[in-house]
Amino acid sequence: MRKTIIAGNWKMNKTFLEADDFFANLVENIEDKELFGVEIVVCPPSLYLELASDTAQESAIFMGAQNVSEHDSGAFTGEISAPMLSSMDLEFCIVGHSERRKYFGDTDELVNMKIQNLLKNNISPIVCLGESLAERENEQTKEVVLGQLEGAFHNIEMSEEIVIAYEPIWAIGTGKTASPQQAQEIHKLIRDWLSEKYSDEIAGKTHILYGGSMNPGNVENLLQQPDIDGGLIGGASLETGKFNDMIDVAIALRNN
Ligand code: 13P
């Protein structure tokens, strides 16, 4: 049975002290809780990965990076490699986020190389994809998502370690969430693609997260959809109260 993954993507936010406070609060919130198959993941800026890794070791929280180089090592100033992330005991790494695609030129081919590097180093990639507003309005959503899937997973042997995040670009940071029906439609499309390309077993085991203005008010309806296995949360993951509330909703749904 798939878990429910509640993952926070902090993007470029929080100072070290704020990160430290956040982790202390999160650990306290979940310390005595039965999680009922809810997995909590936080992806802070890489600068704080040591703090994150120490927190993960002392708690039930998993940690992830927000990006990785497609190279293993060498003269790539400012970059961080998969072997480095692995040496910090990280479990997850986001790849192909639309902000990386837009501002840093991450293509499907680069995303593919990054996924391969992460898998070689036993880190679970959280592979992001999703359409822009113009693509949705032109009814190209399915074509775009299927194209991104083909590109990202070209020649990749699928494993349950891989997580996919459907993040419609028009819903990211805009306060405009996809309706549960809109999100479910694309999550099902992704699961059907996994079935066809790999197997029913792989499709059944793969976690597909929704991302895009997820918050305590809409998380319940989204998580109730059969193919939504959690959330990749930006803005609302920065506030301890909101993030804790969303974790509590996920736990309550699992416990029902
Ligand atoms: P928001 O939750 O701020 O819309 O961001 C979503 C996201 O991009 C997570 O990766």
Side-chain angles (χ1 to χ4, degrees), residues 4-14 18-19 22 26 39-46 48-49 52 61-68 85 90-104 106 110-111 114-115 118 123-133 135-136 141 144-145 148-149 152 162-180 182-183 186-187 190 207-223 225 228-250:
T4 301
I5 300 178
I6 298 295
N9 172 12
W10 286 3
K11 309 188 181 184
M12 197 174 71
N13 289 292
K14 291 196 189 295
E18 288 165 349
F22 182 98
L26 183 57
E39 193 161 291
I40 301 158
V41 182
V42 180
C43 303
S46 290
Y48 309 144
L49 288 180
I61 306 164
F62 293 89
M63 297 290 176
Q66 298 176 12
N67 180 41
V68 68
L85 296 181
L90 279 203
E91 302 278 341
F92 292 93
C93 179
I94 298 171
V95 276
H97 192 281
S98 59
E99 288 149 17
R100 299 253 10 135
R101 294 179 193 254
K102 179 173 175 192
Y103 302 120
F104 304 99
D106 280 16
L110 274 185
V111 170
K114 292 180 180 194
I115 296 172
L118 290 169
I123 298 171
S124 292
I126 302 177
V127 183
C128 300
L129 36 89
E131 81 288 1
S132 67
L133 183 60
E135 288 162 343
R136 176 157 283 265
T141 299
V144 168
V145 168
Q148 289 171 331
L149 284 168
I162 298 175
V163 175
I164 297 175
Y166 169 57
E167 299 207 311
I169 298 168
W170 50 270
I172 296 179
T174 57
K176 246 195 229 173
T177 324
S179 69
Q182 281 172 324
I186 304 306
H187 281 235
I190 296 169
H207 291 85
I208 309 176
L209 314 184
Y210 169 80
S213 298
M214 207 183 215
N215 61 47
N218 58 33
V219 64
E220 183 168 2
N221 283 341
L222 286 160
L223 290 182
Q225 301 304 310
I228 299 185
D229 306 312
L232 183 56
I233 304 144
S237 78
L238 294 170
E239 291 175 45
T240 42
K242 285 189 182 170
F243 195 55
N244 289 342
D245 284 353
M246 296 168 85
I247 291 168
D248 290 343
V249 169

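One-based numbering, in listed order, for ligands and for the atoms of each.
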Does Lys11 have more than 12 heavy atoms from other residues, nucleotides or ligands lying within 6.0 Å of its NZ?
yes

Would you mind listing which atoms of ligand 1 come within a distance below 4.0 Å of any non-hydrogen atom of Ser213?
1 (P), 2 (O), 4 (O)

Which atoms of ligand 1 have any heavy atom of Gly235 under 4.0 Å away?
1 (P), 2 (O), 3 (O)

With heavy-atom distances below 4.0 Å as the criterion, list the atoms of ligand 1 near Gly212.
4 (O), 6 (C)

Hey, does Ile233 come in under 3.5 Å of ligand 1, counting only N/O atoms on both sides?
no

From the options Asp229, Val41, Leu232, Leu209, select the one residue that forms a side-chain contact (heavy atoms from CB on, under 4.5 Å) with Val163.
Leu209

Keeping the roles fixed (side chain from Asn244, backbone from Gly241), state whether a donor-acceptor pair exists under 3.5 Å.
no

Do His97 and Glu167 meet the criterion of a side-chain donor-acceptor pair at a distance under 3.5 Å?
yes

Specify the protein heavy atom at minimum distance from atom 5 (O) of ligand 1: its residue, its atom name, and the distance to 0.1 Å.
Lys11 NZ, 3.3 Å

Donor-acceptor pair, distance only, cut-off 3.5 Å: does the side chain of Arg101 make one with the backbone of Val111?
no

Nearest-option assignment for atom 8 (O) of ligand 1, heavy atoms, candidates Lys176, His97, Gln66, Met214:
His97

Would you say the ring centers of Trp10 and Phe22 fall short of 6.0 Å from each other?
yes

Kindly confirm or rule out an N or O of Glu99 lying under 3.5 angstrom from an N or O of ligand 1.
no

Is ligand 1 less than 4.0 angstrom away from at least one heavy atom of Ala171?
yes

Could you check whether any side-chain N or O of Tyr210 sits under 3.5 Å from a backbone N or O of Gly212, counting only pairs where one atom can act as donor and the other as acceptor?
yes

Subset of ligand 1 atoms that lie under 4.0 Å from at least one heavy atom of Asn9
9 (C), 10 (O)

Among Cys43, Ala236, Gly173, the residue with a heavy atom nearest to atom 4 (O) of ligand 1 is Gly173

Which atoms form the tightest heavy-atom contact between Gly230 and Thr4, and what is the distance?
CA-CG2, 4.2 Å

Can you pull out the closest protein heavy atom to atom 7 (C) of ligand 1? Residue, atom name and distance to 0.1 Å, please.
Glu167 OE2, 3.3 Å

Among protein heavy atoms, which sits nearest to atom 2 (O) of ligand 1, and what does the distance come to when rounded to 0.1 Å?
Gly234 N, 2.9 Å

